[in-house]
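Have a look at the structure below before the remarks.
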Amino acid sequence: MILINENFLKLQDNYLFSTIAKKVEKYSQENKNNKIIKLGIGDVTRPVVPVVIEAINKATKEIGTKTGFKGYGPEQGYSFLRKAIIENDYKSRNIILKENEIFVSDGAKCDCGNILDIFSEKNTVAITNPVYPVYLDTNIMCGRKIIYLPLTEKNNFIPEFPKEKVDIIYLCFPNNPTGTVLNKKELEKWVQYAKENKAIILYDAAYEAFITEENIPHSIYEIEGAKEVAIEFKSYSKTAGFTGLRCAYIVVPNELMGYTKKGEKISINKLWNRRTCTKFNGVSYIIQRAAEATYSEEGKKQIKENIKYYQKNAKIIKEGLEEIGFVTYGGKNSPYIWLKVPNKMTSWEFFDEMLEKTNIVGTPGSGFGKCGEGYFRLTAFGTIEDSIEAIKRIKKI
Ligand code: MLT
(Lines give C-alpha, C1' and ligand atoms only; values in the text may rest on other atoms or scores of the structure.)
Protein backbone atom coordinates (compact mmCIF):
# COMPACT_ATOMS: atom_id res chain seq x y z
CA MET A 1 0.00 0.00 0.00
CA ILE A 2 1.46 3.33 -1.05
CA LEU A 3 1.13 5.83 1.75
CA ILE A 4 0.82 9.40 0.57
CA ASN A 5 2.12 12.59 2.10
CA GLU A 6 -1.07 13.52 3.92
CA ASN A 7 0.04 17.11 4.29
CA PHE A 8 -1.12 17.55 0.69
CA LEU A 9 -4.67 16.94 1.88
CA LYS A 10 -4.43 20.09 3.97
CA LEU A 11 -3.93 22.23 0.87
CA GLN A 12 -6.74 24.05 -0.88
CA ASP A 13 -7.97 22.02 -3.85
CA ASN A 14 -6.28 24.20 -6.44
CA TYR A 15 -3.41 26.62 -6.75
CA LEU A 16 -4.86 30.18 -6.76
CA PHE A 17 -3.87 31.08 -10.30
CA SER A 18 -5.15 27.76 -11.70
CA THR A 19 -8.55 28.40 -10.08
CA ILE A 20 -8.70 31.82 -11.70
CA ALA A 21 -7.57 30.50 -15.08
CA LYS A 22 -10.34 27.87 -14.99
CA LYS A 23 -13.00 30.43 -14.08
CA VAL A 24 -11.87 32.75 -16.85
CA GLU A 25 -11.73 29.93 -19.38
CA LYS A 26 -15.32 28.94 -18.54
CA TYR A 27 -16.49 32.55 -18.81
CA SER A 28 -14.79 33.09 -22.16
CA GLN A 29 -16.25 29.87 -23.57
CA GLU A 30 -19.71 31.11 -22.62
CA ASN A 31 -19.09 34.66 -23.84
CA LYS A 32 -17.01 34.20 -26.96
CA ASN A 33 -17.49 37.75 -28.29
CA ASN A 34 -16.31 39.54 -25.17
CA LYS A 35 -12.77 40.85 -25.13
CA ILE A 36 -11.27 39.86 -21.81
CA ILE A 37 -8.46 41.95 -20.33
CA LYS A 38 -6.17 39.81 -18.21
CA LEU A 39 -4.60 41.68 -15.30
CA GLY A 40 -4.63 38.67 -12.98
CA ILE A 41 -1.44 36.60 -12.84
CA GLY A 42 1.71 38.67 -13.09
CA ASP A 43 2.79 37.39 -16.48
CA VAL A 44 4.64 39.76 -18.77
CA THR A 45 3.37 40.76 -22.20
CA ARG A 46 6.35 42.58 -23.76
CA PRO A 47 8.30 40.39 -26.17
CA VAL A 48 11.77 39.23 -25.16
CA VAL A 49 14.17 42.05 -26.04
CA PRO A 50 16.38 41.83 -29.18
CA VAL A 51 19.74 41.46 -27.35
CA VAL A 52 18.42 38.44 -25.51
CA ILE A 53 17.14 36.90 -28.73
CA GLU A 54 20.52 37.52 -30.37
CA ALA A 55 22.26 35.79 -27.48
CA ILE A 56 19.87 32.84 -27.74
CA ASN A 57 20.50 32.53 -31.49
CA LYS A 58 24.25 32.78 -31.05
CA ALA A 59 24.33 30.18 -28.27
CA THR A 60 22.06 27.87 -30.25
CA LYS A 61 24.42 27.98 -33.24
CA GLU A 62 27.39 27.49 -30.94
CA ILE A 63 26.14 24.24 -29.43
CA GLY A 64 25.61 22.90 -32.95
CA THR A 65 29.35 23.02 -33.56
CA LYS A 66 31.99 20.50 -32.52
CA THR A 67 33.92 23.01 -30.47
CA GLY A 68 30.94 24.86 -29.03
CA PHE A 69 28.84 21.86 -28.00
CA LYS A 70 27.90 21.75 -24.33
CA GLY A 71 26.80 18.74 -22.34
CA TYR A 72 25.92 18.96 -18.67
CA GLY A 73 26.88 22.33 -17.30
CA PRO A 74 27.81 23.19 -13.73
CA GLU A 75 24.79 22.57 -11.49
CA GLN A 76 25.25 25.97 -9.86
CA GLY A 77 25.36 27.87 -13.15
CA TYR A 78 28.08 28.87 -15.60
CA SER A 79 30.81 31.09 -14.31
CA PHE A 80 30.13 33.79 -16.95
CA LEU A 81 26.61 34.34 -15.60
CA ARG A 82 27.53 34.15 -11.93
CA LYS A 83 30.26 36.72 -12.53
CA ALA A 84 27.88 39.00 -14.41
CA ILE A 85 25.38 38.77 -11.52
CA ILE A 86 28.02 39.66 -8.95
CA GLU A 87 29.28 42.63 -11.00
CA ASN A 88 25.96 44.08 -12.10
CA ASP A 89 23.38 43.24 -9.46
CA TYR A 90 25.62 43.52 -6.40
CA LYS A 91 29.00 45.18 -6.83
CA SER A 92 27.25 48.22 -8.26
CA ARG A 93 25.48 48.50 -4.88
CA ASN A 94 28.69 47.94 -2.90
CA ILE A 95 27.75 44.39 -2.05
CA ILE A 96 30.64 41.98 -2.46
CA LEU A 97 29.74 38.39 -3.19
CA LYS A 98 31.75 35.34 -4.21
CA GLU A 99 30.93 33.16 -7.15
CA ASN A 100 30.17 30.14 -4.96
CA GLU A 101 27.40 32.15 -3.26
CA ILE A 102 25.34 32.41 -6.47
CA PHE A 103 23.15 29.52 -7.64
CA VAL A 104 21.47 29.91 -11.04
CA SER A 105 18.10 28.19 -11.37
CA ASP A 106 15.03 27.84 -13.55
CA GLY A 107 12.81 30.12 -11.48
CA ALA A 108 12.26 31.81 -8.15
CA LYS A 109 9.01 29.92 -7.61
CA CYS A 110 10.89 26.60 -7.70
CA ASP A 111 13.70 28.01 -5.55
CA CYS A 112 11.26 29.19 -2.88
CA GLY A 113 9.89 25.67 -2.60
CA ASN A 114 13.13 23.74 -3.07
CA ILE A 115 15.10 25.63 -0.43
CA LEU A 116 12.94 24.00 2.23
CA ASP A 117 14.70 20.67 1.61
CA ILE A 118 17.65 21.78 3.69
CA PHE A 119 15.69 22.94 6.74
CA SER A 120 14.15 20.80 9.45
CA GLU A 121 10.41 20.24 9.39
CA LYS A 122 10.44 21.21 13.04
CA ASN A 123 11.20 24.83 12.19
CA THR A 124 8.40 27.30 12.67
CA VAL A 125 7.79 29.51 9.67
CA ALA A 126 6.55 33.09 9.54
CA ILE A 127 4.82 34.33 6.42
CA THR A 128 2.99 37.54 5.80
CA ASN A 129 -0.75 37.56 5.27
CA PRO A 130 -1.63 38.22 2.44
CA VAL A 131 1.20 36.29 0.82
CA TYR A 132 2.44 34.80 -2.45
CA PRO A 133 0.76 31.36 -2.13
CA VAL A 134 3.95 29.40 -2.89
CA TYR A 135 5.49 30.16 0.52
CA LEU A 136 2.38 28.93 2.27
CA ASP A 137 1.65 25.83 0.19
CA THR A 138 5.23 24.53 0.14
CA ASN A 139 5.37 24.69 3.93
CA ILE A 140 1.99 23.01 4.31
CA MET A 141 3.30 20.24 2.04
CA CYS A 142 6.03 19.41 4.51
CA GLY A 143 3.91 19.95 7.60
CA ARG A 144 5.68 22.93 9.18
CA LYS A 145 4.02 25.12 11.76
CA ILE A 146 3.10 28.46 10.19
CA ILE A 147 2.69 31.81 11.90
CA TYR A 148 1.05 34.68 10.05
CA LEU A 149 2.25 38.27 10.03
CA PRO A 150 -0.65 40.47 8.94
CA LEU A 151 -0.03 43.15 6.33
CA THR A 152 -2.89 45.57 6.75
CA GLU A 153 -3.75 49.24 6.39
CA LYS A 154 -3.49 49.44 10.17
CA ASN A 155 0.20 48.55 10.23
CA ASN A 156 0.88 50.35 6.97
CA PHE A 157 1.65 46.99 5.38
CA ILE A 158 4.78 46.66 7.52
CA PRO A 159 4.96 43.24 9.18
CA GLU A 160 5.31 43.23 12.95
CA PHE A 161 7.50 40.76 14.80
CA PRO A 162 5.72 37.52 15.70
CA LYS A 163 4.72 36.96 19.33
CA GLU A 164 6.20 33.47 19.37
CA LYS A 165 9.65 32.43 18.24
CA VAL A 166 10.01 31.61 14.55
CA ASP A 167 12.93 30.12 12.63
CA ILE A 168 12.25 30.84 8.99
CA ILE A 169 10.86 34.22 7.91
CA TYR A 170 9.68 34.94 4.39
CA LEU A 171 9.84 38.56 3.34
CA CYS A 172 8.95 39.70 -0.18
CA PHE A 173 9.57 43.37 -0.95
CA PRO A 174 8.43 45.10 -3.09
CA ASN A 175 5.61 42.97 -1.88
CA ASN A 176 3.52 40.54 -3.82
CA PRO A 177 0.54 41.00 -3.63
CA THR A 178 0.19 44.40 -1.93
CA GLY A 179 2.85 46.25 -3.96
CA THR A 180 4.08 47.96 -0.79
CA VAL A 181 7.72 48.32 0.28
CA LEU A 182 9.96 48.36 3.36
CA ASN A 183 12.46 51.16 3.76
CA LYS A 184 15.99 50.58 4.92
CA LYS A 185 15.25 51.19 8.60
CA GLU A 186 12.36 48.76 8.61
CA LEU A 187 14.38 46.07 6.91
CA GLU A 188 17.26 46.67 9.34
CA LYS A 189 14.91 45.82 12.19
CA TRP A 190 14.12 42.47 10.61
CA VAL A 191 17.78 41.64 10.08
CA GLN A 192 18.40 42.46 13.71
CA TYR A 193 15.43 40.34 14.78
CA ALA A 194 16.75 37.38 12.76
CA LYS A 195 20.17 37.73 14.36
CA GLU A 196 18.78 37.85 17.87
CA ASN A 197 16.55 34.86 17.29
CA LYS A 198 18.97 32.76 15.22
CA ALA A 199 16.35 32.82 12.49
CA ILE A 200 16.83 32.94 8.72
CA ILE A 201 15.14 35.37 6.33
CA LEU A 202 14.15 34.11 2.90
CA TYR A 203 14.10 37.41 1.03
CA ASP A 204 12.21 37.46 -2.26
CA ALA A 205 13.45 40.43 -4.27
CA ALA A 206 11.84 39.41 -7.57
CA TYR A 207 10.32 42.88 -8.03
CA GLU A 208 13.24 45.10 -7.01
CA ALA A 209 13.68 46.48 -10.54
CA PHE A 210 10.37 48.31 -10.13
CA ILE A 211 11.55 50.42 -7.20
CA THR A 212 11.41 54.13 -8.03
CA GLU A 213 11.87 55.77 -4.62
CA GLU A 214 15.10 56.43 -2.76
CA ASN A 215 15.89 54.64 0.47
CA ILE A 216 14.12 51.45 -0.51
CA PRO A 217 16.59 48.55 -0.48
CA HIS A 218 16.97 46.64 -3.74
CA SER A 219 18.74 43.82 -1.95
CA ILE A 220 18.64 42.69 1.67
CA TYR A 221 22.45 42.69 1.62
CA GLU A 222 22.34 46.48 1.59
CA ILE A 223 21.70 45.99 5.29
CA GLU A 224 24.81 45.43 7.36
CA GLY A 225 25.09 41.93 8.70
CA ALA A 226 22.34 40.51 6.45
CA LYS A 227 24.72 37.98 4.94
CA GLU A 228 24.67 36.17 8.29
CA VAL A 229 20.90 35.75 8.27
CA ALA A 230 19.45 35.94 4.76
CA ILE A 231 19.07 34.08 1.49
CA GLU A 232 17.97 36.25 -1.44
CA PHE A 233 15.82 35.17 -4.38
CA LYS A 234 16.05 36.98 -7.70
CA SER A 235 14.41 36.35 -11.03
CA TYR A 236 14.71 37.43 -14.67
CA SER A 237 10.99 36.76 -15.19
CA LYS A 238 9.49 40.14 -14.45
CA THR A 239 12.55 42.25 -15.11
CA ALA A 240 13.64 40.80 -18.43
CA GLY A 241 10.54 38.98 -19.65
CA PHE A 242 11.81 35.47 -18.85
CA THR A 243 8.53 34.01 -17.58
CA GLY A 244 8.64 31.62 -20.54
CA LEU A 245 12.42 31.31 -20.87
CA ARG A 246 12.93 30.46 -17.17
CA CYS A 247 15.95 31.77 -15.33
CA ALA A 248 16.53 33.01 -11.80
CA TYR A 249 19.14 32.73 -9.08
CA ILE A 250 19.52 32.66 -5.34
CA VAL A 251 22.27 34.03 -3.15
CA VAL A 252 23.36 31.83 -0.26
CA PRO A 253 26.15 33.65 1.58
CA ASN A 254 29.06 31.73 3.05
CA GLU A 255 28.47 33.44 6.40
CA LEU A 256 25.04 31.87 6.77
CA MET A 257 24.92 29.08 9.36
CA GLY A 258 22.30 26.59 10.47
CA TYR A 259 22.42 24.32 13.48
CA THR A 260 22.18 20.62 14.22
CA LYS A 261 20.07 19.43 17.15
CA LYS A 262 23.26 19.33 19.16
CA GLY A 263 23.90 22.97 18.37
CA GLU A 264 26.79 22.46 15.91
CA LYS A 265 27.10 25.15 13.26
CA ILE A 266 26.67 23.98 9.66
CA SER A 267 27.18 26.04 6.50
CA ILE A 268 23.86 26.58 4.73
CA ASN A 269 25.74 27.24 1.50
CA LYS A 270 27.33 23.79 1.66
CA LEU A 271 23.98 22.12 2.24
CA TRP A 272 22.36 23.98 -0.63
CA ASN A 273 25.26 23.15 -2.91
CA ARG A 274 24.95 19.48 -1.95
CA ARG A 275 21.23 19.54 -2.61
CA THR A 276 21.70 21.33 -5.93
CA CYS A 277 24.29 18.86 -7.20
CA THR A 278 22.04 15.93 -6.36
CA LYS A 279 18.67 17.20 -7.55
CA PHE A 280 19.46 19.69 -10.34
CA ASN A 281 21.45 19.67 -13.54
CA GLY A 282 21.56 23.38 -14.14
CA VAL A 283 19.77 25.77 -16.47
CA SER A 284 20.45 25.28 -20.18
CA TYR A 285 23.54 26.97 -21.60
CA ILE A 286 21.39 28.88 -24.11
CA ILE A 287 19.18 30.41 -21.43
CA GLN A 288 22.15 31.33 -19.25
CA ARG A 289 23.69 33.14 -22.22
CA ALA A 290 20.32 34.88 -22.63
CA ALA A 291 20.39 35.97 -18.98
CA GLU A 292 23.97 37.17 -19.36
CA ALA A 293 22.90 39.37 -22.30
CA THR A 294 20.57 41.32 -20.02
CA TYR A 295 23.70 42.80 -18.42
CA SER A 296 25.26 44.14 -21.63
CA GLU A 297 24.97 47.91 -22.11
CA GLU A 298 22.38 47.45 -24.83
CA GLY A 299 20.61 44.77 -22.80
CA LYS A 300 20.27 47.04 -19.79
CA LYS A 301 18.83 49.77 -22.00
CA GLN A 302 16.29 47.53 -23.68
CA ILE A 303 15.15 46.00 -20.41
CA LYS A 304 14.81 49.38 -18.77
CA GLU A 305 12.45 50.39 -21.57
CA ASN A 306 10.22 47.43 -20.76
CA ILE A 307 10.23 48.18 -17.06
CA LYS A 308 9.35 51.81 -17.80
CA TYR A 309 6.49 50.59 -19.95
CA TYR A 310 5.07 48.53 -17.08
CA GLN A 311 5.63 51.39 -14.64
CA LYS A 312 3.59 53.61 -16.92
CA ASN A 313 0.80 51.02 -16.88
CA ALA A 314 0.94 50.94 -13.09
CA LYS A 315 0.55 54.72 -13.01
CA ILE A 316 -2.38 54.66 -15.45
CA ILE A 317 -4.17 52.00 -13.42
CA LYS A 318 -3.44 53.48 -10.00
CA GLU A 319 -4.29 57.08 -10.91
CA GLY A 320 -7.31 56.01 -12.94
CA LEU A 321 -8.72 54.08 -10.00
CA GLU A 322 -8.01 56.85 -7.51
CA GLU A 323 -9.73 59.41 -9.75
CA ILE A 324 -13.00 57.54 -9.29
CA GLY A 325 -12.58 57.12 -5.56
CA PHE A 326 -10.83 53.79 -5.14
CA VAL A 327 -8.34 53.47 -2.32
CA THR A 328 -5.19 51.87 -3.70
CA TYR A 329 -1.80 50.75 -2.42
CA GLY A 330 1.33 49.72 -4.27
CA GLY A 331 1.87 50.57 -7.92
CA LYS A 332 4.65 53.06 -7.16
CA ASN A 333 7.59 50.75 -6.55
CA SER A 334 5.86 47.67 -7.83
CA PRO A 335 3.92 46.32 -10.79
CA TYR A 336 1.03 45.38 -8.48
CA ILE A 337 -1.86 47.64 -7.53
CA TRP A 338 -3.72 46.56 -4.41
CA LEU A 339 -7.14 48.13 -4.32
CA LYS A 340 -9.79 48.19 -1.67
CA VAL A 341 -12.98 46.54 -2.81
CA PRO A 342 -15.94 48.94 -2.57
CA ASN A 343 -19.36 48.47 -1.00
CA LYS A 344 -18.29 45.82 1.52
CA MET A 345 -18.18 43.19 -1.22
CA THR A 346 -15.91 40.19 -0.73
CA SER A 347 -12.85 39.85 -2.96
CA TRP A 348 -14.42 36.98 -4.91
CA GLU A 349 -17.72 38.85 -5.34
CA PHE A 350 -15.75 41.75 -6.77
CA PHE A 351 -13.80 39.34 -9.00
CA ASP A 352 -17.08 38.02 -10.45
CA GLU A 353 -18.52 41.49 -10.89
CA MET A 354 -15.37 42.71 -12.64
CA LEU A 355 -15.33 39.70 -14.92
CA GLU A 356 -18.99 39.93 -15.81
CA LYS A 357 -19.46 43.70 -16.04
CA THR A 358 -16.08 44.83 -17.35
CA ASN A 359 -14.49 41.61 -18.65
CA ILE A 360 -11.41 42.40 -16.61
CA VAL A 361 -9.55 39.66 -14.75
CA GLY A 362 -7.78 40.54 -11.53
CA THR A 363 -6.82 38.48 -8.50
CA PRO A 364 -9.07 38.38 -5.42
CA GLY A 365 -7.13 39.50 -2.37
CA SER A 366 -8.52 36.71 -0.20
CA GLY A 367 -6.76 34.22 -2.49
CA PHE A 368 -3.53 35.45 -0.90
CA GLY A 369 -4.80 34.91 2.66
CA LYS A 370 -7.41 36.02 5.17
CA CYS A 371 -6.01 39.54 5.53
CA GLY A 372 -6.38 40.00 1.77
CA GLU A 373 -10.17 39.78 2.09
CA GLY A 374 -11.78 42.98 0.83
CA TYR A 375 -8.90 43.68 -1.57
CA PHE A 376 -8.22 43.00 -5.22
CA ARG A 377 -4.94 42.92 -7.13
CA LEU A 378 -4.38 44.26 -10.63
CA THR A 379 -1.08 43.91 -12.46
CA ALA A 380 0.72 46.39 -14.65
CA PHE A 381 2.10 43.62 -16.87
CA GLY A 382 -0.64 44.00 -19.51
CA THR A 383 -0.31 46.12 -22.63
CA ILE A 384 -0.68 49.87 -22.37
CA GLU A 385 -3.81 49.70 -24.55
CA ASP A 386 -5.37 47.17 -22.19
CA SER A 387 -4.43 49.21 -19.12
CA ILE A 388 -6.12 52.31 -20.58
CA GLU A 389 -9.12 50.32 -21.74
CA ALA A 390 -9.45 48.62 -18.33
CA ILE A 391 -9.71 51.97 -16.57
CA LYS A 392 -12.25 53.20 -19.14
CA ARG A 393 -14.41 50.15 -18.51
CA ILE A 394 -14.17 50.46 -14.72
CA LYS A 395 -15.09 54.16 -14.94
CA LYS A 396 -18.23 53.26 -16.88
CA ILE A 397 -19.61 51.08 -14.11
C1 MLT B 1 1.86 36.47 -9.43
O2 MLT B 1 1.00 36.82 -10.22
O3 MLT B 1 1.74 36.58 -8.22
C4 MLT B 1 3.12 35.89 -9.98
O5 MLT B 1 3.16 36.04 -11.36
C6 MLT B 1 3.19 34.47 -9.75
C7 MLT B 1 4.57 33.95 -9.94
O8 MLT B 1 5.53 34.69 -10.16
O9 MLT B 1 4.69 32.73 -9.83
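Ligands are counted one by one from 1 in listed order, and the atoms in each one are counted from 1 as well. Numbers for residues simply follow the sequence, beginning at 1.
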Checklist entry - Should G42 be counted as touching ligand 1, given the test is an N or O pair under 3.5 Å? => result yes
Checklist outcome for this item: Nearest non-hydrogen protein atom to atom 7 (C) of ligand 1, with distance, is Y132 OH, 3.2 Å
Next on the checklist: Using a 4.0 Å heavy-atom cut-off, which part of T243 comes near ligand 1: side chain, backbone, both, or neither?
Outcome noted: neither
Checklist outcome for this item: When distances are taken from atom 5 (O) of ligand 1, the protein heavy atom at minimum range is K238 NZ, 2.7 Å
Checklist entry - Which of the atoms in ligand 1, numbered in the order shown and given with their element, are less than 4.0 Å from a heavy-atom of Y336? => result 1 (C), 2 (O), 3 (O), 4 (C), 5 (O)
Checklist entry - Cut-off 3.5 Å, side chains only: do Y375 and E153 have a donor facing an acceptor? => result yes
Checklist entry - Does NZ or CZ of R377 fall inside the cone over F368's six-membered ring, less than 6.0 Å from its centre and within 45° of the axis? => result no
Next on the checklist: Evaluate R377 for polar contact with ligand 1, using N/O atom pairs at a separation under 3.5 Å.
Outcome noted: yes
Checklist entry - Which ligand 1 atoms, with their elements, are less than 4.0 angstrom from a heavy-atom of F17? => result 1 (C), 2 (O), 3 (O)
Checklist entry - Are side-chain N/O atoms of N273 and N100 paired as donor and acceptor at under 3.5 Å? => result no
Next on the checklist: Check E298 with K301, please: is the shortest side-chain N to carboxylate O separation under 4.0 Å?
Outcome noted: yes
Checklist entry - Counting heavy atoms not belonging to Q12, are there more than 12 under 6.0 Å from its CD? => result no
Checklist entry - Which of the atoms of ligand 1 are close to I41, meaning less than 4.0 Å from one of its heavy atoms? => result 2 (O), 5 (O)
Checklist entry - Purely on distance, is any nitrogen or oxygen of N176 under 3.5 Å from one on ligand 1? => result yes
Item to check | Stacked cation flag K198 on Y259, 6.0 angstrom / 45 deg | outcome: yes
Next on the checklist: Check this for me: does any side-chain nitrogen of one of E188 and K185 sit under 4.0 Å from a carboxylate oxygen of the other?
Outcome noted: no
